[in-house]
Amino acid sequence: AYLATWCLKLSGYSETQINSMYGVLSVEGEWIAQPIYKSATPFIGGLATLQTDDGRYGMIDKSGNIVLPFTYDYVSQNSSGVVSAFRNENGWSGFKVMRKTKILG
């Protein structure tokens, strides 16, 4: 039996817990990230942080693309376009969030 907890956000996405695992649903009910994660945060600035079952963190965008690989021991939320990530092997790293743009012509 599945137990789902719904937390609807104004952004149109929902972090969903099923049997103690988290995923992300769109308002259309399509999985952006399957419920295979130990934790999930809301999208902030278009990015959500997820934690794998083995404790590694990474980030996805609203299309479900991995934008920060699941190799970190900690990843901060997007704050003013900056994300900090920590790995025991090499310490802290900072990332500037940049938007994709199309070049017309």
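Sequence positions, counted from 1, serve as the residue numbers for this chain.
There is a path of hydrophobic side-chain contacts, each under 4.5 Å, that joins V24 to F70. Connection of Y37 to F43 is established within a shared hydrophobic cluster, with ILVMFWY side chains joined at heavy-atom distances below 4.5 Å, either directly or through further cluster members. Each of L68 and I44 belongs to its own hydrophobic cluster when Ile, Leu, Val, Met, Phe, Trp and Tyr are linked at side-chain heavy-atom distances under 4.5 angstrom.
Under the rule for a salt bridge (Lys or Arg N to Asp or Glu O under 4.0 Å), the partners of E89 that lie at least two apart in sequence or sit in another chain are R56. Every residue meeting the side chain to side chain contact (heavy atoms under 4.5 Å, CB included) condition with I36, not counting sequence neighbours, appears here in chain and number order: Q34. By the side chain to side chain donor-acceptor pair (under 3.5 Å) test, S39 is found to be paired with Q51, residues two or more places apart in sequence or in another chain being considered. S76 pairs by the side chain to side chain donor-acceptor pair (under 3.5 Å) definition with nothing, not counting sequence neighbours. In this structure T71 satisfies the side chain to side chain contact (heavy atoms under 4.5 Å, CB included) test together with P69, R87, sequence neighbours excluded. S93 pairs by the side chain to side chain donor-acceptor pair (under 3.5 Å) definition with nothing, not counting sequence neighbours. Evaluation of the side chain to side chain donor-acceptor pair (under 3.5 Å) rule for D53 yields no partner, not counting sequence neighbours. For V67, the side chain to side chain contact (heavy atoms under 4.5 Å, CB included) criterion is met by L47, M59, D61, not counting sequence neighbours.
F86 belongs to a hydrophobic cluster whose other members, connected by ILVMFWY side-chain contacts under 4.5 Å either directly or through intermediates, are Y74, W92. Counting side-chain heavy-atom gaps under 4.5 Å among Ile, Leu, Val, Met, Phe, Trp and Tyr, Y22 is found in no cluster with other residues.
Considering OG1 of T49 and OH of Y72, their distance stands at 12.0 Å, rounded to 0.5 Å.
The heavy-atom pair separating V75 from A85 by the smallest distance is CG2-CB, 4.1 Å. Nearest heavy-atom pair, N78 versus V83, reported as atom, atom and distance to 0.1 Å: CA-CG2, 3.9 Å. The shortest non-hydrogen separation linking K38 to T52 is CB-O, 3.6 Å. Across L50 and A40, no two heavy atoms sit closer than the pair CD2-CB, 3.3 Å.
Looking only at side-chain heavy atoms (C-beta outward), S63 and N65 come within less than 4.5 Å of each other. The closest side-chain heavy-atom distance from W31 to L25 is below 4.5 Å.
Note on residues 46-68: no pairs pass ring-ring contact (aromatic ring centres under 6.0 Å, His included), not counting sequence neighbours.
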